[in-house]
Amino acid sequence: MTQKTGIFMIVTRFAPSPTGYLHIGGARTALFNWLLARKRGGKFLLRIEDTDTKRNTPTAAQQVMDDMRWLGIDWDEGPDIGGPNGPYKQSDRRDIYDRYIQQLIDEQKAYYCFDTPEELADMRVAAEKEKRNNIYPRPDMFPDAAVVEKARAEGKPVTVRLAITQTEPIVIQDEVRGTISIDPAELSDFIIQKSDGFPTYHMAVVIDDELMGVTHIIRGQEHLLNTHNHQLLQKALGFRIPIYAHMSVTVSESGGKLSKRERPKMLKKAIKAMGKVDKDAMAKAGGVTPEELETFLKGKTAPDMPAVDAMAAYMGVHLPEINIVDFFRSGYLPETLVNFLALLGWNPGDGREIMTRDELIEAFDLSRINKSNSLFDRQKLTAFNTEYIKLLPPETRLRHFRAYLEEIGSPVAAADDELLGRIIRINEGARTLEQIEQKTRFAFVPDDEIEYDSKAVKKVLLKGDGFAMLRAVGDALATLDELTPEAIETLLRSLAEEKQVGLGKIAQPLRVAICGNTVSPPIFDTVDILGMNTVLKRIENTLTKFQQEKD
RNA sequence: GGCCCCAUCGUCUAGAGGCCUAGGACACCGGGUUUUCAACCCGGCGACAGGGGUUCGAGUCCCCUUGGGGCUACCA
């Protein structure tokens, strides 16, 4: 029963609105659609839904595309590369929407309205007070062209609504949720064209999906009830009905939908928890006025993301990663995110978890998407990242690490490929690229600019005989003529034996002297990487610097 | 409030009526390894929300309760 028609090509899409960075939920939606298209040998489209002129931000579309590329989610048609059914930006498709809206009006399936925002708000309040649904009162007679002309001349807002005349239940088929039917009496005639002339989301999405030949739509559960409206529109316009799959929502640790509001929220909480903070300095760090900061702390409005990030950095608080770039900057790998995201609400059914991109594509299927909401578990994400740092081919790790170092402006970026590769290798077991960077940074700062951790200095050098041990280590190292990790190991081990102490007694003072901290990559590699001159210099510096405190 | 969706360890989940004494992964706890932090190895703790049905038999099907989530915009 294998009937390959050949003409039935799957088409999926991701249709973000350019209001900010690509966030984790959007990335998951994009990934599922991409996975389905790749699995079935179909096409995956990218479309920018910028019909809300007030919310659009100019760089967002570019940023979203950059983030998708970083994740390795590529598209076959899109705003930047075009395609047979373009343009792929809704603001460039106004004339198309106008035609269909006019068609609905001509067929008496839609009608003009002239309500002001205040009037609509009153209706909403009244409905709420009377505990009934807010159903728009459809006029018996639809306004004709003359009336519209007059309203426009008077400066009234002009919108268009779809007349919902169906009385039988509206039934949608959902691939993950089955049959969901709803009584049209629950539905209100909704706006399909706004007073600024732009179509609403509902109108634009239905038209574009039809014209672009989209066959499968995977999206969040928040669109489940919209689907009935979309089906009404599809019927009114004589369109095909695509296959829908509504995935569960990803919720955050604090409950509720995982949203970009999470970061400003956490920042506010941190500021309040700290009590006294220099607000002027913080406002300055974030590039906002003290007044703006004050409004943020009191009210609901939040400054934009770069300002939030800058203030968090200033205060040294770690905000939960929400946007894809946040994860990049925290040292996560794209492979980790793709794998982890795929497993949020889907699984291959055979217990596999760590899976390559190809394995994910191979195993992906709509029937295995589950229905219940899932919580975004950062600890498990980190465990995946640890795994991927170990698993990835050296070239790939190197590429990711270099990109990360350049993004955060780390001094470690000065290392050449060979050194960087070695740094990754000796840090195997690290959970994020950030950890590798932090553990290696000391090697790339000038010898006299090492930051000594006071607790480490006290514990390892000042207390006990750490100081004397360090001197002995310095003397011993100075005699070494062959510099390899093995030679260093042999030397230090025999020194430990001679002194009748464990290797730790030798290694820790040395570590603090050359790194400033008790935490570093394995000591023999660390010495080797720094080179003998630097090591001896730092030992010397350390002895001099803390000599007085010792006495 | 109305409408809709969902419900297995702390978390992500396996489970499509007997294979379940409910399996795996992360987290957690205990132990081991060890030059630090990790990583690694071994072991352990730990769940079918509650109540009714249906059935020879229910985590699996139905109903109710409870709990969670979504929508209810000239946002998408």
Side-chain angles (χ1 to χ4, degrees), chain A residues 15-19 49-52 54-55 113 115-117 120-121 124 127-134 157-161 174 176-178 180-183 185-188 190-196 198-202 204-205 219-226 228 246 248-249 251 253 255-257 340 343-354 370-384 386-387 389-390 427-431 435 438-439 456 460 489 492-493 496 502-508 510-512 515 517-524 526:
Chain A
S17 62
T19 55
E49 308 219 323
D50 57 347
T51 54
D52 186 348
K54 290 179 287 295
R55 294 207 315 161
C113 303
D115 314 274
T116 64
L120 291 173
R124 198 159 39 235
E128 205 167 311
K129 214 166 122 193
E130 293 165 36
K131 297 190 174 186
R132 55 173 171 79
N133 281 3
N134 183 26
V158 179
T159 59
V160 179
R161 284 178 191 263
D174 187 273
V176 346
R177 274 153 227 281
I180 293 148
S181 94
I182 195 166
D183 181 355
E186 301 282 347
L187 267 26
S188 173
F190 57 92
I191 293 178
I192 58 176
Q193 186 176 46
K194 306 188 246 185
S195 59
D196 64 2
F198 273 88
T200 57
Y201 160 71
H202 305 292
V205 80
R219 46 158 52 157
Q221 192 206 222
E222 64 268 25
H223 289 293
L224 189 58
L225 276 319
N226 287 340
H228 297 89
H246 287 92
S248 55
V249 173
V251 298
E253 275 95 339
K257 199 159 70 160
F340 188 75
L343 257 27
L344 229 47
W346 173 86
N347 72 80
D350 54 13
R352 278 183 298 169
E353 290 204 318
I354 297 289
N370 45 238
K371 300 175 186 167
S372 45
N373 287 353
S374 48
L375 190 133
F376 190 81
D377 182 358
R378 287 191 161 72
Q379 282 186 310
K380 185 145 180 169
L381 203 229
T382 307
F384 268 49
T386 310
E387 202 64 27
I389 290 177
K390 277 186 284 207
N427 276 291
E428 241 164 15
R431 303 179 79 78
Q435 274 185 359
Q438 284 170 353
K439 267 170 76 171
V460 176
E489 173 161 8
L492 292 185
R493 283 199 192 280
L503 190 53
K505 289 281 179 219
I506 301 259
Q508 284 304 75
L510 176 58
R511 204 185 301 273
V512 173
C515 312
N517 206 293
T518 51
V519 176
S520 89
I523 193 70
F524 315 124
T526 304

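Within every chain, numbering begins at 1; the chains are lettered A, B, ... in the order of the sequence lines, protein sequences first and strands thereafter. These figures come from a predicted structure and were not determined experimentally.
Within the model, atoms CG of A:D174 and CD of A:Q221 stand 9.5 Å from one another, a figure rounded to the nearest 0.5 Å. Taking CD1 of A:I192 as the reference point, atom NE2 of A:H202 lies at 11.0 Å (rounded to 0.5 Å). The OG atom of A:S17 sits 9.0 Å away from atom CG of A:D50, with the distance rounded to the nearest 0.5 Å.
Taking atom P on both nucleotides, B:A22 is separated from B:C48 by 10 Å, rounded to a whole Å. For the C1' atoms, the distance from B:C26 to B:U21 is 24 Å, rounded to whole Å. Between B:G59 and B:A49, the two C1' atoms lie 12 Å apart (nearest whole Å). To the nearest whole angstrom, the two C1' atoms, one in B:C40 and one in B:U33, are 8 Å apart. Remark: the separation of the P atoms in B:U55 and B:C12 is 36 Å, to the nearest Å. Atom C1' of B:A47 sits at a distance of 4 Å from the matching atom of B:C9, rounded to the whole Å. On the C1' atoms, B:G15 is 41 Å away from B:U34, given to the nearest whole Å. Across the P atoms, B:A14 and B:A7 are found 10 Å apart, a figure rounded to whole Å.
Separating the CG atom of A:L225 from the P atom of B:A73 is a distance of 12 Å, rounded to the nearest angstrom. Protein atom NZ of A:K371 is 21 Å distant from nucleotide atom P of B:G68, rounded to whole Å. Rounded to whole Å, atom C1' of B:C74 lies 13 Å from atom CG of A:N134. If you take CZ of A:F190 and P of B:A76, they are 13 Å apart, rounded to a whole angstrom. Note: CD (A:E222) to P (B:A73) measures 16 Å, nearest angstrom. The distance from atom CG of A:N226 to atom P of B:U72 is 7 Å, rounded to the nearest whole Å. One can place CG of A:N370 at 10 Å from P of B:U8, the figure rounded to the nearest angstrom. We find that CD of A:E186 is positioned 14 Å from P of B:U72, with the value rounded to whole Å.
When the side-chain nitrogen and oxygen atoms of A:N373 are compared with OP1 and OP2 of B:G70, none of them lie within a distance under 4.0 Å. For A:R124, a side-chain nitrogen or oxygen approaches OP1 or OP2 of B:C74 to under 4.0 Å.
Here B:U66 sits opposite B:A7 as a Watson-Crick or G-U wobble pair (both hydrogen-bonding atom distances under 3.5 Å). The nucleotide B:U60 finds no pairing partner, because no Watson-Crick or G-U wobble arrangement with both distances shorter than 3.5 Å includes it. Nucleotide B:C28: paired with B:G44 (Watson-Crick or G-U wobble, both distances less than 3.5 Å). The nucleotide B:C19 finds no pairing partner, because no Watson-Crick or G-U wobble arrangement with both distances shorter than 3.5 Å includes it. Of all nucleotides present, none satisfies the Watson-Crick or G-U wobble test against B:U33 with each distance under 3.5 Å.
Using a 4.0 Å heavy-atom cutoff across all strands shown, A:D115 reaches at least one base atom of the nucleic acid. No engagement by A:T382 is indicated, since no non-hydrogen atom pair under 4.0 Å with the nucleic acid exists. Across all strands shown, A:H246 has no heavy atoms under 4.0 Å from either base or sugar-phosphate atoms. A:G345 comes within 4.0 angstrom of the backbone, heavy atoms only, and of no base. Residue contacts shown for A:P16 are absent, as no nucleic acid heavy atom lies under 4.0 Å away.
In this structure, the nucleotide among B:C71, B:C4, B:C75 sitting nearest to the side chain of A:L224 is B:C4. For A:L375, the side-chain atoms get nearest to B:C12 when compared with the rest of B:C12, B:G1, B:C4. Listed nucleotides: B:C6, B:C4, B:C74. Nearest to the side chain of A:R177: B:C6. Closest contact between the side chain of A:D52 and the listed nucleotides B:C75, B:C6, B:G1 involves B:C75. The side chain of A:V249 sits closest to B:G70 out of B:A76, B:G70, B:G2.
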| So A:I389 and A:E428, side-chain contact (heavy atoms from CB on, under 4.5 Å) or not? Walk me through it. | CA-CA 7 Å; A:I389 290 177; A:E428 241 164 15; 5.6 Å; no

| said: Set out, in order, the CA-CA distance, both residues' side-chain angles and the distance that settles side-chain contact (heavy atoms from CB on, under 4.5 Å) for A:F384 and A:L343, then state yes or no. | reply: CA-CA 11 Å; A:F384 268 49; A:L343 257 27; 3.8 Å; yes

| task | Let me see the working for A:N517 and A:V512 under side-chain contact (heavy atoms from CB on, under 4.5 Å), right down to the final yes or no. | result | CA-CA 5 Å; A:N517 206 293; A:V512 173; over 6 Å; no

| field | Step-by-step salt bridge (charged side-chain N to carboxylate O under 4.0 Å, His left out) determination, A:R431 to A:E387 | value | CA-CA 8 Å; A:R431 303 179 79 78; A:E387 202 64 27; over 6 Å; no

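Taking the side chain as every heavy atom from C-beta outward, A:E353 and A:K380 approach each other to under 4.5 Å. Side-chain contact check for A:C113 versus A:V160: every heavy-atom pair is 4.5 Å or farther apart.
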| request: Starting at the 5' end of nucleotides 18-39 of chain B, put B wherever the base has a protein heavy atom under 4.0 Å, S where only the sugar-phosphate does, and a dash everywhere else. | output: ------BBSS-------BBBBS

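We find that A:D350 and A:R352 are joined by a salt bridge, their nearest charged nitrogen and carboxylate oxygen being less than 4.0 Å apart.
Looking at A:T19 and A:R55, their side chains never bring a donor and an acceptor atom within 3.5 Å of each other. Judged purely by distance below 3.5 Å, without hydrogens or angles, the side chains of A:E128 and A:N134 never pair a donor atom with an acceptor atom.
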Atom pairs under 3.5 Å, N or O on each side, protein against nucleotides 15-17 of chain B: can you list them with distances?
unit_1, atom_1, unit_2, atom_2, d
B:G15, OP1, A:R368, NH1, 3.3
B:G15, OP1, A:R368, NH2, 3.3

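Heavy-atom distances to RNA chain B give each of A:L344 and A:L120 a nearest nucleotide, and the one nearer the 5′ end belongs to A:L344.
For B:C6, its base never sits under 3.5 Å from the side chain of A:S372 at any donor and acceptor pair.
Here A:Y201 and A:F190 keep their ring centres 6.0 angstrom or further from each other.
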